[in-house]
Amino acid sequence: MAFLKFEDIDKSFGENNVISKFNLEVEKGKFIVLLGPSGCGKSTLLRMVAGLEKIDSGKILLENNLLNDLLPSKRQIAMVFQSYALYPHMNVYQNIAFGLKSEKIPKNLIKDKVIEAAKILKIEQLLDRRPKELSGGQRQRVAIGRAITRNPKLFLFDEPLSNLDAALRSDMRVEISKLHKKLKSNIVYVTHDQIEAMTLADKIVVMNNGKIEQFDSPENIYKNPKNIFVAEFIGNPKINIFEIKAKDIINKNTFKLMNKEIKLENFKFDENFYIGIRPEDVSLEKNSEISIDISVDLIENLGAEKIVYSHLNDTEIRIKTNKNIKDKNITIYLPKNKIYLFNNNKNRLKI
């Protein structure tokens, strides 16, 4: 039995359909990340689980219990928002304890729960401070602490790290991952940041226009994308995609790219298609018979590695390397076993 289940969920705002026939089953104890561009419906989906948005049609079930018409307070769900949502006139202790106090829990039990949460999040020394005296990372820990004390069946995180700087985001990713392992909690986490998704998730739901493009482990999302949308959304810099038109197809298993004939055995080309190769798989060493001469447009020096930008016809190509490049004109190599193929509908083909 699925721990959390979505059945044919639809949601529109006026004539704008945000979620369309959304179906998903989530196992107990998993860290699930909803990943996608702004406006794809991921936050709306989270808010429907929390009871903050009404479902137009379909069902959401938590441990086989229907959530649709339950009040948010009755769902045994805790949500952590992007904006922290702390009370400015209350100190950290009071903010964490607020939900428990509203539930008329005895003071001594409230104290135990607040102290326990503060220890887990390493904010015991901050309990007397008010939100304005805290850093962004500390405020987010307080918001998470408030959620922990309620001992919910499910945690919902709505882009909780987007207001933090890069260093703090990295630290908080580690803390949230540790928290999940320590509490053995169930988490659904919304982000548009692929690094957060890849480092935190047991499984990722890649969303686009209110629908699921792929639901899989981070490794499979990266190595085996189902289509070009997923392939381009995961990976930094994004995958190189080249369209091969009918005029470039020489015979059933040979095509031409930049006047280079490329033969892929056991494959039949009979219409326009696309090939893809990730920047880190493009080589500057002769490790393939597929070689292309390019001119360097720009080099981004990132310290341990460099991103080289060039172009093939009107298509930009990106190369990730740790080698020093001094020449304007270089030769790149495309290993056959690193090439992705996509059909005319931009869906993945197996070589």
Side-chain angles (χ1 to χ4, degrees), residues 35-40 192 194 204 206-214 216 220-300 306-321 328-351:
L35 175 70
S38 297
C40 72
H192 62 270
Q194 59 169 291
I204 298 173
V206 181
M207 293 181 62
N208 184 31
N209 294 326
K211 296 180 180 179
I212 298 175
E213 295 285 350
Q214 188 168 346
D216 216 329
N220 277 336
I221 291 282
Y222 179 77
K223 290 184 176 179
N224 300 301
K226 285 190 174 181
N227 53 45
I228 287 180
F229 178 85
V230 176
E232 288 189 321
F233 203 82
I234 296 291
N236 184 31
K238 71 179 183 179
I239 191 171
N240 299 295
I241 299 290
F242 308 103
E243 183 178 6
I244 307 300
K245 297 182 180 179
K247 65 181 179 62
D248 300 313
I249 298 174
I250 297 171
N251 57 48
K252 66 179 183 179
N253 54 24
T254 307
F255 63 93
K256 189 180 290 186
L257 177 64
M258 289 296 292
N259 296 318
K260 295 283 184 176
E261 289 190 9
I262 299 174
K263 185 175 184 179
L264 297 176
E265 301 290 351
N266 304 318
F267 196 83
K268 183 180 179 181
F269 303 116
D270 55 10
E271 62 178 359
N272 291 17
F273 65 97
Y274 299 83
I275 69 168
I277 186 164
R278 294 201 178 276
E280 55 270 34
D281 293 329
V282 178
S283 179
L284 299 180
E285 296 181 347
K286 190 174 183 179
N287 60 358
S288 168
E289 68 270 27
I290 305 173
S291 64
I292 299 173
D293 297 325
I294 63 170
S295 59
V296 175
D297 295 333
L298 174 69
I299 298 176
E300 283 185 337
K306 299 166 181 65
I307 310 299
V308 181
Y309 294 89
S310 183
H311 60 277
L312 297 176
N313 292 339
D314 295 326
T315 303
E316 185 177 71
I317 183 168
R318 297 161 290 275
I319 303 132
K320 183 185 283 188
T321 182
K328 179 70 174 176
N329 299 306
I330 61 175
T331 301
I332 60 173
Y333 299 88
L334 312 182
K336 284 185 179 180
N337 64 337
K338 299 293 186 179
I339 288 176
Y340 294 85
L341 290 181
F342 302 92
N343 65 17
N344 200 32
N345 294 319
K346 300 187 177 183
N347 294 316
R348 175 85 180 279
L349 296 168
K350 297 293 184 182
I351 301 178

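Remark: K211 NZ is loosely packed, at most 12 non-hydrogen atoms of other residues, nucleotides or ligands lying under 6.0 Å away. Environment of CG in D216: crowded, with over 12 heavy atoms of neighbouring residues, nucleotides or ligands closer than 6.0 Å. No more than 12 heavy atoms of other residues, nucleotides or ligands sit less than 6.0 Å from atom NZ of K346.
Listed by chain and number, the residues in a salt bridge (charged side-chain N to carboxylate O under 4.0 Å, His left out) with E243 amount to none (sequence neighbours excluded).
Atom CD1 of I241 and atom OH of Y340 lie 10.0 Å apart (nearest 0.5 Å). Rounded to the nearest 0.5 Å, atoms CG (D281) and OG (S288) are 11.5 Å apart.
Just one residue in the list I317, N240, I319 forms a side chain to side chain contact (heavy atoms under 4.5 Å, CB included) with P279, and that residue is N240.
In terms of heavy-atom proximity, I292 sits nearest to L334 at CD1-CD1, 3.9 Å. Scanning both residues, L349 and F342, for their nearest heavy atoms gives CD1-C, 3.8 Å.
Looking only at distances, a side-chain donor or acceptor of Q194 sits under 3.5 Å from a matching main-chain atom of G235. Remark: side-chain polar atoms of E213 are not paired, donor with acceptor, to backbone N or O of G36 under 3.5 angstrom. Under the 3.5 Å distance criterion, the side-chain polar atoms of K328 are matched with a main-chain donor or acceptor of V296. The backbone N or O of N347 sits nowhere less than 3.5 Å from a side-chain atom of N345 that would complete a donor-acceptor pair. When atom types are taken as modelled, the side chain of K336 and the backbone of K263 share a donor-acceptor pair closer than 3.5 angstrom.
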For this session: Determine, stepwise, if the pair R318 / E316 fulfils salt bridge (charged side-chain N to carboxylate O under 4.0 Å, His left out).
Result: CA-CA 7 Å; R318 297 161 290 275; E316 185 177 71; 2.9 Å; yes

Problem set entry | Test log, rule side-chain contact (heavy atoms from CB on, under 4.5 Å), inputs N227 and R348 | CA-CA 5 Å; N227 53 45; R348 175 85 180 279; 5.9 Å; no

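When only modelled atom types and interatomic distance are considered, D297 and S310 share no side-chain donor-acceptor pair under 3.5 Å.
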